[in-house]
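Sequence lines set the chain letters: A, B, ... in the order given, protein chains first and strands last, and positions in each chain run from 1. Just so it is clear, the values below take in all heavy atoms, side chains as well, and ignore hydrogens, waters and symmetry mates.
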There are 2 protein chains.
Amino acid sequence: MEANQKQTIYDIAKAAGVSASTVGAALNGSWKSRRISKNTVNRIVEIAEEVGYTVNLQARALRSAKTGLFGMILPQHDNRFFSSIGQCFSNETRTRQALPVIVSTRRDRDQEVQAVRGLIDYSVDALMLVGTSNPDELGEICREANLPHVFVDQPCEGAPSVVSDNKEGARKLTYALLDQCEKNAVRDIMFLGGNAALHATDLRIQGFREALLQHDQIAMDEQIVACGYGRAPTRDALAKLYQSRKGLPSALFINSIGCFEGALEFLTGLPAEEVDACSIGCFDYDPFGSLLRHPIPMVRQRADELVRRAYQHLDENDTEPRMTLIEPELILPRVINAL
Amino acid sequence: MEANQKQTIYDIAKAAGVSASTVGAALNGSWKSRRISKNTVNRIVEIAEEVGYTVNLQARALRSAKTGLFGMILPQHDNRFFSSIGQCFSNETRTRQALPVIVSTRRDRDQEVQAVRGLIDYSVDALMLVGTSNPDELGEICREANLPHVFVDQPCEGAPSVVSDNKEGARKLTYALLDQCEKNAVRDIMFLGGNAALHATDLRIQGFREALLQHDQIAMDEQIVACGYGRAPTRDALAKLYQSRKGLPSALFINSIGCFEGALEFLTGLPAEEVDACSIGCFDYDPFGSLLRHPIPMVRQRADELVRRAYQHLDENDTEPRMTLIEPELILPRVINAL
DNA sequence: AGATTTTGCACCATCGATAGTGCACCTTTA
DNA sequence: TAAAGGTGCACTATCGATGGTGCAAAATCT
């Protein structure tokens, strides 16, 4: 019954006794403007369905220089924030009748470059670059290839970028933590995790410092431990910290959810009283974090807004290197009775 | 300096004073077998780099009937398990020099069908279907299109499938929960969450029942509340349950992480003693879950293994409808002091 | 030196869809 | 009734890369 080989418009043309271009027009909707009679169209569509015809988008793309592929470079899928970005991107892209191609590159420069080149080879119609480690180089590659692109989360000098207002978020979180502290312990807050070389971490540290300044404190360099985004390194960094200062600080600003997990790994090994005495906040959101017995204020980045605005730049054919800031929200801990 | 338009092999051919087919061969590596001199190749490669040439994979795909695109249908990105599957798929696909195309379809039949058809239109070389709500129909579509495919997590009657050993996992988790219970409370364990119509939930319920049987218990239908995979519905189902029976059961088998979050939302509103008295386990893994003060045994599905075996089926050109079971691991709670 | 082999490349059809152009045939209008 | 316009479609070039085939020129052999 079913044709085994993939059917083309030529096969259908033969079956219908018309020309291939007529079949093409009938099937892609351009038949009205090409003055193909409704009868012929019906006949063709019927045959097409019968033999299970599907367009070859490669051929279409080759001819029309539009692939309907939208690319995204993402550090990783298995991360609350990034997967949420991926989800929004996927939704948004599919409502546009296009296909999302998400490539994860582990924040690795070589992988990023390779992935961008790969996507260019596939002639993606546009590219969203999220949290890349090397924005300027990647932006340059896109520009050379004449590929519309936007940066998200980590901005680029030479292209439109949409990022969370990291400084403001950090300020809010720091205030929340300081509020929980005793007056005399204010100087004892620490910033843990992230990569100081990255834009996001840098701004969060700035926000942290500024918030301290509001409390007439100047943050010392020792108060800032940017040990990377890794789980284990953060655990170890915190352990070392604990050892060297013989105890926890009075407050901990933890940069990103991965770091938070690492910190928890260490903290859960400590006596409850010690942990209870330490105010902990995290710049990133995870529902579980907010369900811990220990109250954890968290900052949630608005993935949906980030993606929406990024797409807006693409829609508007914007190539100006302007930066759009999206304010993240501070999620205060609920009052928890159990667990 | 840089060419603005996308360069083709014809442009380079003109620049190098050779034919297009020579350029093609020089650039795609087939020049050895085509007896193009090393000198000519070097000259061509140099020009290509100079003008920033990149292949048009659409054209190549059209000609060679291989796109280098590998598709995946995924219920959602923003979920620990699925995002982890996505990550593994992405890694594995990229080591094969191919491009992963992951489409999320929210377990929605129409979206799934549409996505599969879309991927067929793009001529993906193979397709992995994860946790689909309608495997048989989708399998049929793939078969008609002559598209190599494998099902993951949710099996299909007519195609190779790789799934976690849900029954065994559920048995192990149930045993772990029963071990925590008092002898007399064994009959009081409940199964919460999931969709009984889906293969995975069905088998987990079977495992749950079997484990109870080992304890000489027959699970009553009221002990099984398959309220779906949603967070809010699970919270509400648990709340209702609590009301109607005036308290928590002695043990709770929670099916999937989303349900677990929903349950937590309710549980955190209860007095600590009540929650403490209830053994809680979750069929799914989240590091935060294992960091709660309340000990939570969890079942972790091996995303890497699932994807690895799925790819193996594709590599072996396997179309037999055989099912590969991957044993999930039971993760026992750590001894937690704090939080 | 002439015959034979090898080297190095050009030429051309092809993959499947799209869109410009042309041309019968039919209908309307003067 | 002839001119003018409309309708319905076929023909053909094209997108960029690939691979089979053919043919000179150079290299090797007799």
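A:Asp121 has its CG atom 14 Å from the P atom of D:dG16, to the nearest Å. Counting to the nearest Å, the P atom of C:dT18 and the CD1 atom of A:Ile9 are 7 Å from each other. We find that CD1 of B:Ile120 is positioned 17 Å from C1' of C:dG16, with the value rounded to whole Å. Atom CD of B:Gln7 is separated from atom C1' of D:dG16 by 13 Å (rounded to the nearest Å). Taking atom CD of B:Gln58 as the reference point, atom P of D:dT18 lies 13 Å away to the nearest angstrom. Note: CG (B:Leu27) to P (D:dG16) measures 15 Å, nearest angstrom. Spacing between atom NZ of B:Lys66 and atom C1' of C:dC15 amounts to 15 Å, rounded to whole angstrom units. If you take CH2 of B:Trp31 and P of D:dA17, they are 20 Å apart, rounded to a whole angstrom.
Look at B:Asn56 and you won't find any side-chain N or O under 4.0 angstrom from OP1 or OP2 of D:dC15. For the OP1/OP2 pair of C:dA17 and a distance below 4.0 Å, the side-chain nitrogens and oxygens of A:Tyr53 include at least one atom meeting the criterion.
Summary of helix geometry: the two end axes of the helix from C:dA1-D:dT30 to C:dA30-D:dT1, each defined by five base pairs via their C1' atoms, are inclined to each other by 50° (rounded to 10°).
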N/O contacts under 3.5 Å, protein versus nucleotides 8-11 of chain D?
{"unit_1": "D:dG8", "atom_1": "N7", "unit_2": "A:Arg35", "atom_2": "NE", "d": "3.1"}
{"unit_1": "D:dG8", "atom_1": "N7", "unit_2": "A:Arg35", "atom_2": "NH2", "d": "2.9"}
{"unit_1": "D:dG8", "atom_1": "O6", "unit_2": "A:Arg35", "atom_2": "NH2", "d": "2.6"}
{"unit_1": "D:dC9", "atom_1": "OP1", "unit_2": "A:Thr40", "atom_2": "OG1", "d": "2.5"}
{"unit_1": "D:dC9", "atom_1": "OP2", "unit_2": "A:Ser37", "atom_2": "N", "d": "2.6"}
{"unit_1": "D:dC9", "atom_1": "OP2", "unit_2": "A:Ser37", "atom_2": "OG", "d": "3.0"}
{"unit_1": "D:dC9", "atom_1": "OP2", "unit_2": "A:Thr40", "atom_2": "OG1", "d": "3.0"}
{"unit_1": "D:dA10", "atom_1": "OP1", "unit_2": "A:Ser19", "atom_2": "N", "d": "3.2"}
{"unit_1": "D:dA10", "atom_1": "OP2", "unit_2": "A:Ser19", "atom_2": "N", "d": "2.8"}
{"unit_1": "D:dA10", "atom_1": "OP2", "unit_2": "A:Ser19", "atom_2": "OG", "d": "2.9"}
{"unit_1": "D:dA10", "atom_1": "OP2", "unit_2": "A:Thr22", "atom_2": "OG1", "d": "2.5"}
{"unit_1": "D:dC11", "atom_1": "N4", "unit_2": "A:Ser21", "atom_2": "OG", "d": "2.6"}

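Considering CD1 of B:Ile102 and CG of B:Leu119, their distance stands at 11.0 Å, rounded to 0.5 Å. For the atom pair SG (A:Cys142) and CG (A:Leu147), the distance works out to 5.0 Å, reported to the nearest 0.5 Å.
Judged as a ring-ring contact (aromatic ring centres under 6.0 Å, His included), and not counting sequence neighbours, the contacts of A:Phe70 are A:Tyr311. By the side-chain hydrogen bond (donor to acceptor under 3.5 Å, both in side chains) test, A:Asn134 is found to be paired with A:Glu137, residues two or more places apart in sequence or in another chain being considered. Residues meeting the side-chain hydrogen bond (donor to acceptor under 3.5 Å, both in side chains) test with B:Glu92, sequence neighbours left out: B:Arg96.
Among C:dA17, D:dG16, C:dT18, the nucleotide with an atom closest to any side-chain atom of A:Ala59 is C:dA17.
The backbone N or O of B:Asn317 sits nowhere less than 3.5 Å from a side-chain atom of B:Thr319 that would complete a donor-acceptor pair. For A:Thr105 (side chain) and A:Asp108 (main-chain N/O), no donor-acceptor pair under 3.5 Å exists by modelled atom type.
No salt bridge links A:Glu112 with A:Arg109; every basic N to acidic carboxylate O contact stays at or beyond 4.0 Å.
The base of D:dT14 sits within donor-acceptor range of the side chain of A:Arg63, with an N or O pair under 3.5 Å.
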Donor-acceptor pairs are to be reported for all side-chain atoms of residues 40-47 of chain B against protein atoms at under 3.5 Å, with residues two or more places apart or in another chain.
{"unit_1": "B:Thr40", "atom_1": "OG1", "unit_2": "B:Ser37", "atom_2": "OG", "d": "2.8"}
{"unit_1": "B:Arg43", "atom_1": "NH1", "unit_2": "B:Ala16", "atom_2": "O", "d": "2.8"}

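Residue contacts shown for A:Val23 are absent, as no nucleic acid heavy atom lies under 4.0 Å away.
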